[in-house]
Amino acid sequence: MTWIAKPRLHHPSLSRNAVGYTRRDYEGKVSTLCAGCGHDSISAAIIQACWELDIEPHRVAKLSGIGCSSKTPDYFLGNSHGFNTVHGRMPSVLTGANLANRGLTYLGVSGDGDSASIGMGQFVHAIRRGVDMAYIVENNGVYGLTKGQFSATADQGSVSKRGVANSDAPIDLVGLALQLGATYVARGFSGDKTQLVPLIKGALGHRGVAILDVISPCVAFNNHAGSTKSYDYVREHNDAVNRLDVIEGRAAIAVDYAPGEAIDVVQHDGTVLRLRKLDPDYDPTDRLAAMAYVNLHQARGEVVTGLLHVDPAAADLHGHLGTVATPLNQLGVAELCPGAAALEKINAGLR
């Protein structure tokens, strides 16, 4: 993590959001990543999304694993709760924190190495359990922190900066998330902030697990000709399925889903995800159709971005377990430990 701190002084003319914070209040330390790294663009998008959503910084818990991506929480939301876990273990630590205190907004930040290799089991079970979190994968297809080895999302046959070809088949995190039943699945591009900010806002407002795979070119080790995660390749092959916006909801809005029109998806916290349908045949509420669409365009060498799937009626892990509405860390001893008589009653019911 960097030791460089930004000045705390704010210009008095900076505009404030509804909860009284300026955009500077959502920033972190100065980034020490390579100049031009896509991860810094994602950090900027997270800052803008949280500021526009009027989320109080101290109500956010940001957790990460190991890698260039997992360094980035130090560069945004400097006044939030933060925890840097061991490699690939972010989802389980976040799950425990969420079960103890459901009153915070949870943001998990990971990379393709952290999630698709050593943390694959954790990635899978976080989705299966429906942990209420925005899970952002900063995907560059390479281990940048250890100087350029292929990660599990690198394309088969792609050539590294050293001239070595990758012989392993890639893992598609979006396809996997759809298959596992994730209730919010999207893919963005770090070079398209206009699309990325509303995708992050939608993920933060979604109840349940929200998977956001962001193609984030590594300028040092994977931004060359032949890489499908380079700036040039993604810009030339990007297929944006929709144009998004997130607005505060006040009343029910009738849905009109005709091609070229917009659909508003009401989230559990009252925010509305406005989806403008550019592809006349694309329906983000149809998970099976989304899987087929992603696979079809992947076979064509295209990178599909946008909101790929959302279930507006999704439940989270607390809903599955039937936990109380009050965060567990705010309950007293008597409520958390009702005594031997209550335990005996439970045991009797199981005999």
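These numbers were taken from a predicted model, which means no experiment stands behind them.
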So that I can tick it off, tell me whether E138 and K229 are bridged by a salt bridge, with the cut-off set at under 4.0 angstrom between side-chain N and carboxylate O. no

Between the side chains of [X] and [Y], is a donor N or O closer than 3.5 angstrom to an acceptor N or O?
{"X": "R129", "Y": "T95", "result": "no"}
{"X": "T32", "Y": "Y75", "result": "yes"}
{"X": "T323", "Y": "H318", "result": "yes"}
{"X": "N84", "Y": "S64", "result": "yes"}

Exactly one of V131, D132, L321, T183 clears side-chain contact (heavy atoms from CB on, under 4.5 Å) with D316, and that residue is D132

Provide the full list of ring pair (Phe, Tyr, Trp, His ring centres under 6.0 Å) pairs with a residue in residues 114-146, sequence neighbours left out, each pair given once. F123-Y135

Quick one: do N222 and N140 satisfy side chain to side chain donor-acceptor pair (under 3.5 Å)? Show the steps, please. CA-CA 7 Å; N222 200 19; N140 56 21; 5.9 Å; no

Between the side chain of R59 and the main-chain N/O of G103, is any donor-acceptor distance below 3.5 Å? yes

Those residues that, when tested against D25, pass salt bridge (Lys or Arg N to Asp or Glu O under 4.0 Å) (two or more places apart): none

Evaluate side chain to side chain donor-acceptor pair (under 3.5 Å) for S216 paired with H39, printing each intermediate quantity in order. CA-CA 6 Å; S216 176; H39 295 358; 2.7 Å; yes

side-chain hydrogen bond (donor to acceptor under 3.5 Å, both in side chains): pairs with one or both residues in residues 327-342, sequence neighbours excluded: none

